[in-house]
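Below: one structure, written as structure tokens.
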Protein chains: 2
Amino acid sequence: MRLLVARCEVRYSGRLSAVLPEAKRLLIFKGDGSVLVHADSGGYKPLNWMTPPTAVDFEGDPLERIVVRKRAGTGEDHLEIVIAEVANDVTVELDYESGLEKDGMERHLQEELAARPEALGERLRLVRREWPTDIGPVDLMCRDEVDGWVAVEIKRVGTIEAVEQLTRYLERLRADSATAECRGILAAERIRPQAVTLATPRSIRCVELDLARLRGEREPDLTLFPA
Amino acid sequence: MRLLVARCEVRYSGRLSAVLPEAKRLLIFKGDGSVLVHADSGGYKPLNWMTPPTAVDFEGDPLERIVVRKRAGTGEDHLEIVIAEVANDVTVELDYESGLEKDGMERHLQEELAARPEALGERLRLVRREWPTDIGPVDLMCRDEVDGWVAVEIKRVGTIEAVEQLTRYLERLRADSATAECRGILAAERIRPQAVTLATPRSIRCVELDLARLRGEREPDLTLFPA
DNA sequence: ACTTAGATTTCGCCG
DNA sequence: CGGCGAAGTCTAAGT
């Protein structure tokens with residue numbers, strides 16, 4: 001990885017066009033071909049960047065110009081960095097990163113609810129996860145006590161969008177004679193008041209869940225009475 | 001901005017939990033409070049990060065541990081970096097960045113279509129761009145041959161979301177007696193099949209456009225017969 | 001402070 | 001490889 005701190009002008013041309021006037025910035029050239037142009041602000045996002053695969057040309061000695069080209073499927077992306085002055089130039093060898101384990105929220109909620117759909121507050125039997133419709137899969141498809149169909153949409157945060165999504169699924173499911181009688185449940189860790197407002201007149205039930213408690217109920221806390 | 005290259009272990013706890021085992025990485029501490037942990041691969045995305053506002057504590061001399069805390073609205077986010085060995089430690093002063101001029105695709109499409117709404121495939125007259133409704137502006141409002149209202153939503157990529165957005169606009173427009181008879185057109189460079197599936201039964205017409213060709217038709221290629 | 005819409009979104013899964 | 005949904009989405013703008 002090469003780290004450059006330099007006064008530079010940057011021109012990007014690709015899906016859009018952008019020009020950064022000359023200023024002192026941090027340039028990162030990763031081993032995989034990534035190029036990042038960072039300022040001291042703007043948070044997590046670079047001002048400009050190129051994702052692999054790229055071809056990077058460092059021109060001039062001392063460094064005068066850097067050209068990054070991408071042979072993307074469609075049009076050619078192009079990043080040009082004109083160096084005015086180099087304040088810092090370091091090349092370092094970083095370690096290889098093995099995969100990092102993350103703990104996705106929505107996926108876990110879906111796993112837990114698939115295992116125990118009755119956690120939704122009524123006697124439900126799971127028919128299948130990712131029930132296919134022609135506009136996308138329903139997270140959980142269940143049957144209730146009287147064999148009525150129940151489509152469950154799971155989110156970390158239940159927004160208006162989630163209600164709209166579930167509504168679309170119900171629209172499609174009801175158009176199918178096999179699942180014509182189908183109601184909907186929106187399950188999430190947190191549900192925004194406006195989502196409830198929208199869901200209620202559509203007869204969509206909203207259920208707030210606590211993933212930790214959900215897990216706890218299935219695997220009771222063993223530390224309560226340690227040996 | 002402080003740049004650290006160090007062997008370190010990173011623990012994130014917040015919306016999810018993640019642990020990065022000890023390895024040599026690049027740590028960036030921006031002036032705005034952002035913290036980025038980058039590896040030599042993985043492209044534009046940091047392995048871990050914190051977005052502003054944060055409180056950063058550098059502990060120990062020599063540096064032993066860095067704690068980044070975020071007082072977000074809801075739960076507390078927490079990033080802990082345990083330093084094993086520092087390979088590089090630089091603090092640099094970068095320039096302030098004035099706004100960067102970007103040349104968005106959607107805006108250009110809107111400009112072109114505003115100039116020639118008939119490019120949508122029927123005789124349309126533009127009434128106004130950014131037609132206001134109480135839930136946001138409609139990109140283009142037009143009249144067709146028989147003076148019927150036509151609301152046009154413009155996107156680079158036409159997704160289900162775009163259909164939903166246009167549907168909401170139409171809902172509002174039809175609730176207004178002045179525009180009660182209003183139909184919708186979704187215009188985009190690319191329109192996803194599922195978006196068409198959703199749009200069709202709602203009588204929303206989908207039009208795919210090529211910005212380059214659109215421009216070419218208005219400004220014929222001058223290089224054809226150079227002087 | 002909260003909500004909404006856009007993004008060169010990026011990323012990953014599944015067909 | 002394309003399509004689609006999720007993301008610790010992030011970020012900027014409007015209310």
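Just so it is clear, the model here is predicted, and its values are computed rather than measured. Below, chain A is the first sequence line, B the second, and so on; all start at residue 1.
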* To do: Evaluate the salt bridge (Lys or Arg N to Asp or Glu O under 4.0 Å) criterion for residues A:E106 and B:R15: first the C-alpha distance (whole Å), next the side-chain angles of each, then the deciding distance (0.1 Å), finally the verdict.
  => CA-CA 11 Å; A:E106 180 181 334; B:R15 273 167 289 191; over 6 Å; no
* Could you measure between the two P atoms, the one in C:dT4 and the one in C:dT8, and give it in whole Å? => 22 Å
* Structure fact -> The answer to which of B:Y169 and B:V157 contacts DNA chain C further toward the 5' end, by nearest nucleotide, is B:Y169
* Establish, for the pair A:R143 and A:W149, whether the NZ or CZ atom is under 6.0 angstrom from the six-membered ring centre and no further than 45 degrees off its axis. => yes
* Would you call B:R202-A:E171 a salt bridge at under 4.0 Å N-O? -> yes
* To do: Examine C:dC13: is either OP1 or OP2 under 4.0 Å from a nitrogen or oxygen in the side chain of A:R107? Give yes or no.
  => no
* **Polar side-chain atom of B:N48 near backbone of B:R11 as donor-acceptor pair, under 3.5 Å** => no
* Structure fact -> Rounded to whole Å, CG of B:L16 lies from P of C:dG12 at a distance of 14 Å
* Between B:R168 and B:E164, does at least one N-O distance fall below 4.0 Å, as a salt bridge requires? -> no
* Given DNA chain D, 5'-ward residue of the pair B:Y12 and A:R168, judged by closest heavy atom -> A:R168
* Asked: Atom CD1 of A:I154 to atom C1' of D:dA7: distance rounded to whole Å?
  -> 17 Å
* Not counting sequence neighbours, which residues clear side-chain contact (heavy atoms from CB on, under 4.5 Å) with B:D176? List them please. => B:A178, B:T179
* Just checking B:M50: base, sugar-phosphate only, or nothing, at a heavy-atom cut-off of under 4.0 Å? -> base
* To do: Pick base, sugar-phosphate or nothing for B:Y44, based on heavy-atom distances below 4.0 Å to the nucleic acid.
  => sugar-phosphate
* Can a side chain N or O of A:K45 be found less than 4.0 Å away from OP1 or OP2 on C:dA7? -> no
* With sugar-phosphate meaning primed atoms plus P, OP1 and OP2, does B:L79 contact a base, only sugar-phosphate, or nothing at under 4.0 Å between heavy atoms? -> nothing
* To do: Report yes if a side-chain nitrogen or oxygen of A:Q110 is closer than 4.0 Å to either non-bridging phosphate oxygen (OP1 or OP2) of D:dA6; otherwise report no.
  => no
* Asked: Is A:E80 salt-bridged to A:R65, cutoff N-O under 4.0 Å?
  -> yes
* To do: Decide yes or no on side chain to side chain contact (heavy atoms under 4.5 Å, CB included) for B:E64 and B:I83, but give the supporting numbers first.
  => CA-CA 5 Å; B:E64 282 177 358; B:I83 304 290; 5.7 Å; no
* Taking atom C1' of C:dC14 as reference, at what distance in whole Å does atom CD of A:E130 sit? -> 10 Å
* Closest to the A:E153 side chain, choosing from C:dA5, D:dT9, D:dA6 -> D:dA6
* To do: Let me know the distance between NE2 of B:H38 and P of C:dT10, rounded to the nearest Å.
  => 14 Å
* Roughly how far apart, to the nearest Å, are D:dA7 and C:dG6 at atom C1'? -> 15 Å
* Asked: Under 4.0 angstrom, heavy atoms only, what part of the nucleic acid is B:Q194 near: base, sugar-phosphate, or nothing?
  -> sugar-phosphate
* Supply the atom-to-atom distance B:D95 CG to A:R25 CZ, rounded to the nearest 0.5 angstrom. => 7.5 Å
* Within this structure, what is the CZ-to-P distance between B:R15 and D:dA6, rounded to whole angstrom? -> 17 Å
* Among D:dG3, D:dT11, C:dT4, the one nearest B:T51 by side-chain distance -> D:dT11
* Within this structure, what is the CZ-to-P distance between B:R192 and C:dG15, rounded to whole angstrom? -> 18 Å
* Asked: Rounded to the nearest Å, what distance is computed from the NZ atom of residue B:K155 to the P atom of nucleotide C:dT9?
  -> 13 Å
* Asked: B:Q165 side chain N/O closer than 4.0 Å to the phosphate oxygens (OP1, OP2) of C:dT4?
  -> no
* **Inter-nucleotide P distance (D:dT11, C:dC11), Å rounded** => 15 Å
* Structure fact -> When A:G43 and B:P193 are each assigned the nearest nucleotide of DNA chain D, the 5'-most assignment goes to B:P193
* Structure fact -> Counting only Watson-Crick and G-U wobble pairs with both atom distances below 3.5 Å, the stems of 3 or more consecutive pairs that include DNA chain D are C:1-7 with D:9-15, C:9-15 with D:1-7
* Taking only the side-chain nitrogens and oxygens of A:W49, find out if one of them lies under 4.0 Å from OP1 or OP2 of C:dT9. => no
* Asked: Expressed in angstrom and rounded to an integer, what is the separation of B:N48 atom CG from D:dG8 atom C1'?
  -> 9 Å
